[in-house]
Amino acid sequence: MKQQKINAPKGLTKKQRSWIYTGFFIGLILVLFVVNNSGNEPERGPYPPNYVPAAQRNSVLAPDFALPTTDGKVLRLSDYRGKVVIIDFWATWCPPCRKGIPDLIDIKKKYGSKGVEIIGVSVDTDTKPEVIPFIKEKGINYPVVYGNQNVYMQYGGIRAIPTTFVIDKEGKIVASYEGLVPKVTYENHIKKILGL
């Protein structure tokens, strides 16, 4: 009986080696991708001076300012320590600002006697002469001051209006909002701070 010779493979074929190399290369790319994308996002910057990230705003004092009011006086934020303050950055030409002002007027009427103050910070530049007539027309019952670049930067750079900040009785920022906010949002903050 004749014995058949069994040819044992001497190694991997060219095709098999190609598959192994391709798999190794793809695996390496996947590992590098995962390692590169698993860390925290790098911080963006540069930030303006005194910029406070939203997550940290509730732990910092609101930057103090002294700004000219529409009636020729100077308003200092520090004079309102002990009150809940809503700072509203707005302009006469801004439709969402115009829509939100009646809510702020109502809040001042409803909570003013309970220690709540609203400060309107006008960002009007070319339309600055329209601010006082606008206040009279709308019946704004809270102080309005003229803002400046320094104050905008102190409050993180005002990128959109309206932008509002809710400040507690100790002068700390507890919330900030870009855009029109429902009145109930402010009222919820007020009630929480005042324990109502």
Side-chain angles (χ1 to χ4, degrees), residues 52-55 57-58 60-71 73-148 151-196:
V52 181
R57 285 195 179 131
N58 62 353
V60 296
L61 287 176
D64 196 11
F65 55 74
L67 293 173
T69 63
T70 54
D71 59 0
K73 299 175 184 166
V74 173
L75 182 146
R76 286 178 178 74
L77 178 61
S78 54
D79 291 342
Y80 292 87
R81 186 68 57 89
K83 291 188 173 197
V84 177
V85 180
I86 297 173
I87 300 176
D88 179 47
F89 289 86
W90 67 284
T92 56
W93 45 262
C94 161
C97 301
R98 296 169 77 99
K99 189 173 180 185
I101 283 175
D103 289 342
L104 297 175
I105 292 169
D106 287 347
I107 289 170
K108 174 66 177 173
K109 284 179 187 171
K110 187 172 179 181
Y111 298 101
S113 63
K114 294 177 171 64
V116 175
E117 187 58 80
I118 296 164
I119 300 171
V121 181
S122 168
V123 302
D124 289 272
T125 50
D126 297 341
T127 52
K128 193 172 179 179
E130 297 172 27
V131 173
I132 293 173
F134 182 87
I135 291 169
K136 290 177 181 170
E137 176 194 331
K138 298 294 180 187
I140 293 177
N141 57 353
Y142 51 85
V144 174
V145 296
Y146 297 110
N148 60 39
V151 171
Y152 308 151
M153 298 305 271
Q154 285 180 316
Y155 280 82
I158 302 300
R159 300 173 300 179
I161 51 171
T163 293
T164 51
F165 295 84
V166 180
I167 300 168
D168 69 12
K169 294 192 284 185
E170 286 77 43
K172 292 182 180 178
I173 297 172
V174 296
S176 64
Y177 300 96
E178 276 186 3
L180 187 60
V181 176
K183 181 167 73 167
V184 68
T185 303
Y186 297 127
E187 288 186 307
N188 287 340
H189 284 296
I190 290 166
K191 288 174 183 175
K192 184 177 178 185
I193 295 167
L194 295 179
L196 300 176

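Numbers here are sequence positions counted from 1.
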Does any pair with a residue in residues 122-136 pass salt bridge (Lys or Arg N to Asp or Glu O under 4.0 Å), and if so which ones, sequence neighbours excluded? none

Taking only residues two or more places apart in sequence or in another chain, which ones pass side-chain hydrogen bond (donor to acceptor under 3.5 Å, both in side chains) with Asp64? Ser78

Using a 6.0 Å cut-off, check whether atom NZ of Lys192 has over 12 heavy atoms from anything other than its own residue. no

Let's go through Phe134 and Val144 carefully: what are the C-alpha distance in whole Å and the side-chain angles of both, what is the deciding distance for side chain to side chain contact (heavy atoms under 4.5 Å, CB included) to 0.1 Å, and is it a yes or a no? CA-CA 11 Å; Phe134 182 87; Val144 174; over 6 Å; no

List the atom of Gly147, the atom of Leu67, and the distance in Å for their closest heavy-atom pair. CA-CD1, 4.3 Å

Under the side chain to side chain contact (heavy atoms under 4.5 Å, CB included) criterion, do Ile158 and Val121 qualify, and how do the steps go? CA-CA 11 Å; Ile158 302 300; Val121 181; over 6 Å; no

Does any non-hydrogen side-chain atom of Ile193 lie less than 4.5 Å from one of Val166? yes

Are a donor atom and an acceptor atom from the side chains of Tyr155 and Ser176 found within less than 3.5 Å of each other? no

Can you name the nearest heavy-atom pair linking Lys99 to Leu180, along with the distance? CD-CD2, 3.7 Å

Separation between CD1 (Ile118) and CD1 (Ile87), nearest 0.5 Å, reads 11.5 Å

Identify the heavy atoms of Leu75 and Pro143 that sit nearest to each other, and give their distance. CD1-CB, 3.6 Å

Got Thr92 and Lys138 here, is their nearest side-chain heavy-atom distance under 4.5 Å? no

Ignoring hydrogens and angles, write down the donor-acceptor pairs under 3.5 Å from the side chains of residues 101-114, residues two or more places apart or on other chains.
residue, atom, partner, partner atom, Å
Lys108, NZ, Glu117, OE1, 3.0
Lys108, NZ, Glu117, OE2, 3.1
Lys110, NZ, Glu187, OE2, 3.2
Tyr111, OH, Glu187, OE2, 3.2

Heavy-atom check, side chain of Val145 versus side chain of Val151, under 4.5 Å: no

Can you name the nearest heavy-atom pair linking Pro96 to Pro162, along with the distance? CB-CD, 3.8 Å

Using 30° and 60° as the class limits, which term best fits the ring planes of Phe165 and Phe89: parallel, tilted or perpendicular? perpendicular

Determine whether Tyr186 and Val116 make a side-chain contact, defined as any pair of heavy atoms from C-beta on separated by less than 4.5 Å. no

Give a yes or no on whether the backbone of Trp93 and the side-chain of Arg98 come within a donor-acceptor separation of less than 3.5 Å. no

Closest non-hydrogen atom pair between Glu170 and Asp168, with its separation: N-OD1, 3.0 Å

Evaluate the side-chain proximity of Lys169 to Val84: yes if any heavy-atom separation is below 4.5 Å, no if none is. yes

Do you know the tightest heavy-atom contact between Thr70 and Ile132? O-CD1, 3.4 Å

